[in-house]
*Asks:* 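Okay, handing you the structure first.
Here, residue 1 is the first one in the sequence, and each next residue gets the next number.
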Amino acid sequence: MTDTPTSEQLVAAIAQNRAARRKFLVGASRTGLALGTVALLDACGGGSSSGSGTATPTPTDSTSPTATSTSVTIDQNAFNFLINLEYLTAQFYALASSGTGLASTLLSGVGTAGSVTGGRKVTFTDPIVAEYARELAADDLAHVGLLRSILGSAVVAQPAINIDGGASGAFTTAMLNAGVIGSGTFDPYASDENFLLAAYYLSDVLVTAYKGAGLLVTGAATLPSLVGIMAAEAYHAGLIRTTLYAKGVATPSLRTNADLISNYRDSLDGASDDDQGITGTATAANIVPADANGFAFTRTAGQVLNILYLTKTAVVGGGFFPAGLNGVTKTSAANS
């Protein structure tokens, strides 16, 4: 009789199968890190040490002796910002799908290392949702590995992460503020539906974060890795939105709650409308949140942190990152 593989083994197998086709991008990114110039995310509201939520990098003459080192520093700041986000989602999906978080060898680096609060395996009732969760976990595990390869010794450590489903959990605070629940707690591991709503809260934000970074990339060798991850994150977000929309036929509250989450995210990141729910119109769904040109929305680093810190103000931590991010870019935007 053949033993049934564990969830951990399934995640590992999926990740291993995908490693070969991503190997080229890893090599290209290692080469391009010193050549590509990714404009610092702080320049578009990613935060500054003064707490204003904005900063402007000093232009560097490309012919000067310090140009290469400055470009590398800018690249490192951008990719270190993004790996903080990948730590969050990779841990959430890994724990929800298998009950086991990321290996410690993927968490070390520069800065104050933090632990994960909360997280456990979901007892999925829909096997399709369980399969989706394992795929999301494998992809984000690969993203962490790729970004760590790009950054090398400059990679930041995983910061403290709160993905708890209890009263002090970031998910509970977010869902209370959004109006998804009126009181009590929101446990993302309690059901398929709760898992999907929690994943929905995070997944759309990552797409806009990578879009914001991708628009600023000028290094041809660095671009494929960043855009490649963004495309995968967009697939993730579309998958989650589609599943919520479909399940909303039988459970209309799922669509309502997804729209409430969208409105809450949009209330945190400034005056512009950079978010959309899934309800759409009477004759069309709204699986792709897009502007009038059909483009995905863009958020600056500061706006992304507003949503993950659960605040409109300029702060350096809170919500899903209680002690803030590791790296240079860590301050949310001032939108109050």
Side-chain angles (χ1 to χ4, degrees), residues 21-22 25 36 38-39 41 43-46 78-79 81-82 85-86 89 93 128 132 135-136 139-140 142-143 146 178 196-220 222-249 252 254-308 333 335:
R21 74 174 185 259
R22 287 176 177 165
L25 292 182
V38 180
L41 293 176
C44 290
F79 281 104
F81 170 74
L82 294 171
L85 311 187
E86 293 288 353
T89 57
Y93 292 137
I128 300 301
Y132 290 163
E135 181 174 9
L136 296 173
D139 285 344
D140 278 13
H143 295 167
L146 174 57
L196 288 167
L197 288 171
Y200 170 72
Y201 188 94
L202 300 175
S203 61
D204 278 10
V205 181
L206 257 69
V207 177
T208 59
Y210 275 96
K211 171 79 179 298
L215 289 174
L216 303 176
V217 171
T218 59
T222 308
L223 182 63
S225 293
L226 192 147
V227 175
I229 298 178
M230 176 190 165
E233 296 296 349
Y235 273 119
H236 293 175
L239 173 64
I240 293 164
R241 293 172 71 95
T242 300
T243 307
L244 283 169
Y245 188 87
K247 287 182 174 291
V249 174
L254 282 175
R255 294 184 185 179
T256 300
N257 287 335
D259 292 346
L260 288 172
I261 291 170
S262 171
N263 291 339
Y264 174 59
R265 290 185 307 216
D266 203 37
S267 74
L268 296 175
D269 65 4
S272 60
D273 185 0
D274 297 324
D275 216 306
Q276 293 172 359
I278 65 173
T279 299
T281 67
T283 58
N286 193 51
I287 302 305
V288 180
D291 64 16
N293 294 313
F295 292 171
F297 291 111
T298 305
R299 284 190 175 98
T300 65
Q303 291 175 310
V304 168
L305 293 180
N306 288 132
I307 297 170
L308 297 179
N335 295 321

*Asks:* Quick one: ring-ring contact (aromatic ring centres under 6.0 Å, His included) partners of Y200, sequence neighbours excluded?
*Replies:*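 Residues passing ring-ring contact (aromatic ring centres under 6.0 Å, His included) with Y200: none at all.
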
*Asks:* Please give me the minimum heavy-atom distance between Y201 and L268, naming the atom from each residue.
*Replies:*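 So the minimum-distance heavy-atom pair works out to OH-CD1, 4.2 Å.
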
*Asks:* Write down the atom of S262, the atom of D275, and the distance for their closest heavy-atom approach.
*Replies:*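 Smallest interatomic distance, heavy atoms only, reads OG-OD1, 2.9 Å.
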
*Asks:* With sequence neighbours excluded, what pairs up with A178 under the side-chain contact (heavy atoms from CB on, under 4.5 Å) test?
*Replies:*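 side-chain contact (heavy atoms from CB on, under 4.5 Å) check on A178 returns V180, Y264.
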
*Asks:* If you round to the nearest 0.5 Å, how far is CZ of R255 from CD1 of I278?
*Replies:*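 Spacing of CD1 (I278) from CZ (R255) equals 6.5 Å.
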
*Asks:* When rounded to the nearest 0.5 angstrom, what distance separates CG in L206 from CG in D140?
*Replies:*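 Reported value, rounded in 0.5 Å steps: 7.0 Å.
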
*Asks:* Side-chain contact, heavy-atom cut-off 4.5 Å: L82 with L226?
*Replies:*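 They are in contact (side-chain heavy atoms under 4.5 Å apart), so the answer is yes.
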
*Asks:* A side-chain contact here means heavy atoms from C-beta on lying under 4.5 Å apart; do L202 and L308 qualify?
*Replies:*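 Yes, side chains in contact.
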
*Asks:* Suppose we screen for side-chain contact (heavy atoms from CB on, under 4.5 Å). Which residues come up paired with T243, at least two apart in sequence or across chains?
*Replies:*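 Per chain and number, T243 pairs via side-chain contact (heavy atoms from CB on, under 4.5 Å) with V129, Y132, L196, L239, K247.
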
*Asks:* Could you pull out all residues at least two apart from N306 that satisfy side-chain hydrogen bond (donor to acceptor under 3.5 Å, both in side chains)?
*Replies:*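 Checked N306 against side-chain hydrogen bond (donor to acceptor under 3.5 Å, both in side chains); matches are N335.
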
*Asks:* Quick one: closest heavy-atom pair of I240 and A199, and the distance?
*Replies:*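 That would be CD1-CB, 3.6 Å.
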
*Asks:* Indicate every side-chain donor-acceptor pair of residues 284-291 with a distance under 3.5 Å to a residue at least two apart or in another chain.
*Replies:*
| unit_1 | atom_1 | unit_2 | atom_2 | d |
| --- | --- | --- | --- | --- |
| N286 | ND2 | Q276 | OE1 | 3.2 |
| N286 | ND2 | G277 | O | 2.7 |
| D291 | OD1 | N293 | N | 2.8 |
| D291 | OD1 | G294 | N | 3.2 |
| D291 | OD1 | F295 | N | 2.9 |

*Asks:* Might you point out which heavy atoms bring A209 and V304 nearest each other, and give the distance in Å?
*Replies:*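 It is CB-CG2, 3.6 Å.
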
*Asks:* List for me each residue that meets side-chain hydrogen bond (donor to acceptor under 3.5 Å, both in side chains) alongside N257, sequence neighbours excluded, and say none if there are none.
*Replies:*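 Applying side-chain hydrogen bond (donor to acceptor under 3.5 Å, both in side chains) to N257 gives none.
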
*Asks:* State the CD-CZ distance between Q303 and F297, to the nearest 0.5 angstrom.
*Replies:*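 Separation between the atoms: 11.5 Å.
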
*Asks:* Taking only residues two or more places apart in sequence or in another chain, which ones pass side-chain hydrogen bond (donor to acceptor under 3.5 Å, both in side chains) with Y210?
*Replies:*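 Partners of Y210 under the side-chain hydrogen bond (donor to acceptor under 3.5 Å, both in side chains) test: E86.
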
*Asks:* Applying side-chain contact (heavy atoms from CB on, under 4.5 Å), can you list everything that pairs with A237, at least two apart in sequence or on another chain?
*Replies:*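 Partners of A237 by the side-chain contact (heavy atoms from CB on, under 4.5 Å) criterion, ordered by chain and then number, come out as S203, D204, V207.
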
*Asks:* Please round to the nearest 0.5 Å and tell me the distance separating atom CD1 of I307 and atom CD1 of I261.
*Replies:*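 These two atoms lie 12.0 Å from each other.
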
*Asks:* Holding to side-chain hydrogen bond (donor to acceptor under 3.5 Å, both in side chains), I want the full list of residues that pass it with S272, two or more places apart in sequence or in another chain.
*Replies:*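 If we apply the side-chain hydrogen bond (donor to acceptor under 3.5 Å, both in side chains) test to S272, skipping adjacent residues, the hits are D274.
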
